[in-house]
Amino acid sequence: MFDVIIAGCGPTGAMLAAELRLHDVRVLVLEKETEPKSFVRIVGLHIRSLELMAMRGLLDRILQHGRRRPAGGFFAAINKPAPRGLDSAHAYLLGIPQPVIERLLEEHAVELGAQVRRGCAVAGVEQDDEGVTVELADGEQLRARYLIGCDGGRSTVRKLLGVGFPGEPSRTETLMGEMEVGVPQEEITAKVTGIHETHRPFWIRPFGEGVYSVVVPAAGVSGRAEPPTLEDFQQQLRTIAGTDFGVHSPRWLSRFGDATRLAERYRVGRVLLAGDAAHIHPPIGGQGLNLGVQDAFNLGWKLAAQIRGWAPETLLDTYHAERHPVAEDVLDNTRAQMELLSTEPGPRAVRRLLAELMDFDEVNRLLIEKITAIGIRYDFGEGPDLLGRRLRDIEVKQGHLYGLLHRGRGLLLDRTERLTVGGWSDRVDHLADPTAVLDVPCVLLRPDGHVAWIGDDQQDLDDHLSRWFGKPAN
Ligand SMILES: Cc1cc2nc3c(=O)[nH]c(=O)nc-3n(C[C@H](O)[C@H](O)[C@H](O)COP(=O)(O)OP(=O)(O)OC[C@H]3O[C@@H](n4cnc5c(N)ncnc54)[C@H](O)[C@@H]3O)c2cc1C
């Protein structure tokens, strides 16, 4: 019997497995595919995800495989640089092939002791008071205390639970791929300037090392059920731009729609959902993988606490309470971005107006904080603005704050040097550091780096330690 079975070894499942292993939870990941994904789609890791990687000591490893790009220009592909002074030590975007980030996360989980079984599709689920029985497609039955569906947008687990997935079906199909071109950049620029006023989504832009990212509407391309071909791209480019720019040597080609849906519940008893299994939306802004990895980061320590037996009664339910509204907000911003891609006169006018408004620092900052997920503030009740937000990677006497969070424990950052974490020291570290660059006396950080308490009073601190970390050990 495992503590947790995770269905799906995509980025969400792998991240969750690693987070659970930090707390010695016995984890089995079941992955339907026998081999890792082979397409080489480059995804963008945004600031908050890069921060999470830094918090678990993974960032250096990941940086070696990616390409840093400026953080701005992602909201509806409106070409505006990020505002100055973004509140992060990792204020850039990392372009990285999705199979590479998946491999690195899976390796991390396995190094920590997670078991991954490939070629195992979850096909049935039954739960009772003690646990969950998971049936595989070949009839084998496995038992665990909890099951987490990280099995993507068509999630079998979500369907087996009967959880509603309301939203909008796909209306517009788009072709997206990465390939080489046969003409100089200047020729491309000269031809495409102005085209996206009349055709959207449309772009052909360099993505590094001679590779171009190409996006064209799929309307008019036949064979919807088939994967797109290079000829489909050539045909669409010729129709729209009058030339196919000599595109060749595709790295990957895909077709996606703009279906937008959100699971009604993230938890049904001992079964929970995370990542695309819980929410789908168009890829504009590059947020899906980031959102899933961040779900896993929010859920991991809470589920581990439940299994280790110290979780306060309502802790596991805070996963839905915190993450469902975040996904709702992402869905909304992708809906807005899709409208802004329309070539109708009304949305075009709104796009021009928004582009002007983005010259105001506050507007630009709000939008980029949404896309990069650094603006998230969970509702922890009344308190200073920092309460419920993540704390940036500030300097502390040992170096960097995030370097102290690798083990996935809570942390009291104490500038007064007179507080204690007492009976919670098996779950929460204490750093007395009057030099920490903070404008409040002390903060209590959860294992996901969000600020759970601000203050300088021991009794108040103890109350909040109980709220998040349960009863003290003695
Ligand atoms: C064109 C395009 C561009 C994108 N660009 C970006 C980007 O730049 N940034 C970004 O953040 N996101 C991007 N995304 C979105 C991103 O790819 C997804 O959000 C992300 O893959 C979701 O991760 P996941 O682990 O939740 O699900 P998935 O990646 O779908 O993984 C689910 C896993 O579960 C397995 N599985 C399925 N059913 C079962 C079963 N019954 N039993 C066991 N295993 C099962 C699958 O084989 C798969 O390995 C893009 C998407 C598209 C289409």
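The first residue in the sequence is number 1, and the count goes up from there. In listed order, ligands and their atoms are each counted from 1.
For residues 51-82, the pairs satisfying ring-ring contact (aromatic ring centres under 6.0 Å, His included) are His46-Phe74, with sequence neighbours left out. Residues in residues 14-34 take part in no ring-ring contact (aromatic ring centres under 6.0 Å, His included) pair, two or more places apart or across chains. The ring-ring contact (aromatic ring centres under 6.0 Å, His included) contacts involving residues 249-279 comprise Tyr266-Tyr319, Tyr266-His320, Tyr266-His324, where partners must be two or more places apart or lie in separate chains.
Residue-level contacts of ligand 1 at the 4.0 Å heavy-atom threshold are Gly8, Gly10, Pro11, Thr12, Leu30, Glu31, Lys32, Glu33, Lys37, Arg41, Val43, Gly44, Gln98, Cys120, Ala121, Val122, Cys150, Asp151, Gly152, Thr156, Met176, Ser254, Phe256, Gly275, Asp276, Pro283, Gly286, Gln287, Gly288, Leu289, Asn290.
No hydrogens or angles considered: nothing links the side chains of Asp232 and Gln236 as a donor-acceptor pair under 3.5 Å.
Looking at Gln127, Arg270, Gln306, Glu130 one by one, the single match for side chain to side chain contact (heavy atoms under 4.5 Å, CB included) with Arg145 turns out to be Arg270. Residue Tyr378 is tested with Arg323, Glu322, Arg446 for a side-chain hydrogen bond (donor to acceptor under 3.5 Å, both in side chains); the sole match is Arg323.
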